[in-house]
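Everything on this sheet refers to the single structure shown next.
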Amino acid sequence: ERPASTWNGDEFYPDALPCLDRLREGGFRVAAVGNTPAETEEMLREHVDVLGSSGRWGVEKPAPEFFERVASAVGLPPGEIAYVGDRVDNDVAPALAAGMVAVHVRRGPWGHLHEPPAGAIRIRSLDELPEALA
């Protein structure tokens, strides 16, 4: 069995929480969703407006149903949702297919293995995200 959580709040990338703060200050609603156990949601609760996990939803990326759940949880049409991820296969391509604005962050091993499609916004750091969405 997989452990309930394999990381903790001390392991956020240094640009992650400041980015979330800047987005919220800029009037964006911020969600944290991913292929994680439901217990991971608690670690993020104070930093975002909407939470979701494959563990709680019973569906994982890259399934179209996962991205449908994102839109439902956020309460916006897909075209008004920016989905940020480092994996082209799990994040960027399925978000585009769902009609969302897809943002590819080039970090970690997955962020460098594949080139995102032309329709995706490309950033190197979450520090760039607020301006990329403006």
Side-chain angles (χ1 to χ4, degrees):
E1 274 189 48
R2 291 169 48 180
S5 183
T6 58
W7 52 278
N8 62 58
D10 295 334
E11 297 176 287
F12 289 124
Y13 282 107
D15 58 351
L17 297 180
C19 174
L20 298 179
D21 291 341
R22 286 177 53 215
L23 288 170
R24 290 171 93 182
E25 288 167 6
F28 288 93
R29 289 184 61 217
V30 178
V33 299
N35 285 351
T36 59
E39 295 84 3
T40 302
E41 292 181 34
E42 290 310 311
M43 179 185 348
L44 300 166
R45 187 166 304 283
E46 69 181 277
H47 304 291
V48 298
D49 303 304
V50 178
L51 287 162
S53 64
S54 58
R56 182 164 54 91
W57 289 348
V59 62
E60 293 186 348
K61 301 180 291 179
E65 295 82 10
F66 181 90
F67 292 87
E68 291 168 9
R69 285 297 300 261
V70 170
S72 176
V74 172
L76 292 171
E80 294 181 26
I81 298 170
Y83 192 93
V84 181
D86 62 338
R87 287 185 60 165
V88 170
D89 61 340
N90 247 24
D91 301 312
V92 178
L96 282 173
M100 296 177 179
V101 174
V103 181
H104 180 250
V105 59
R106 191 174 286 283
R107 72 159 40 148
W110 292 110
H112 293 277
L113 289 175
H114 302 110
E115 284 298 314
I121 295 172
R122 301 162 190 222
I123 60 175
R124 293 178 309 259
S125 164
L126 292 176
D127 289 331
E128 300 173 16
L129 184 60
E131 287 77 21
L133 297 177

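Here the structure is a predicted model, which is why all the values come from computation and not from measurement.
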Is the side chain of [X] donor-acceptor paired with the backbone N or O of [Y] at a distance under 3.5 Å, no angle test?
X	Y	answer
Arg122	His104	no
Arg56	Glu41	no
Arg24	His47	yes
Arg29	Val74	yes
Ser54	Val59	no

How far does [atom1] of [X] sit from [atom2] of [Y], to the nearest 0.5 angstrom?
X	Y	atom1	atom2	result
Glu80	Met100	CD	CE	11.5 Å
Phe28	Leu20	CZ	CG	12.5 Å
Phe12	Met43	CZ	CE	6.0 Å

Answer yes if [X] and [Y] sit in the same cluster of Ile, Leu, Val, Met, Phe, Trp and Tyr residues linked by side chain heavy atoms under 4.5 Å apart, and no otherwise.
X	Y	result
Leu44	Val84	yes
Leu23	Ile123	yes
Leu76	Val101	no
Leu17	Val105	yes
Phe66	Leu96	no

Query raised in the report: Would Glu42 and Arg45 pass as an ion pair if we require N to O under 4.0 Å?
Result: yes
Query - Pairs flagged by salt bridge (charged side-chain N to carboxylate O under 4.0 Å, His left out) wherever residues 84-99 is involved - sequence neighbours left out - result: Lys61-Asp91, Arg87-Asp89
For the residue pair [X] and [Y], what are the closest heavy atoms and their distance?
X	Y	result
Phe67	Asn90	CZ-O, 3.6 Å
Val88	Pro117	CG1-CD, 4.1 Å
Val48	Val30	CB-O, 3.4 Å
Leu126	Asp15	N-OD2, 2.8 Å
Val103	Val92	O-CG2, 4.1 Å
Pro78	Ala98	CB-O, 3.2 Å

So [Y] and [X], do their side chains get closer than 4.5 Å, heavy atoms only?
X	Y	value
Cys19	Leu129	yes
Arg69	Val33	no
Pro130	Glu25	no

Report task. Check the surroundings of atom CH2 in Trp110: do more than 12 heavy atoms from other residues, nucleotides or ligands lie under 6.0 Å from it? Result -> no
Requested in this report: Taking atom CZ of Arg106 as the centre, report whether more than 12 heavy atoms of other residues, nucleotides or ligands fall under 6.0 Å from it.
Outcome: yes
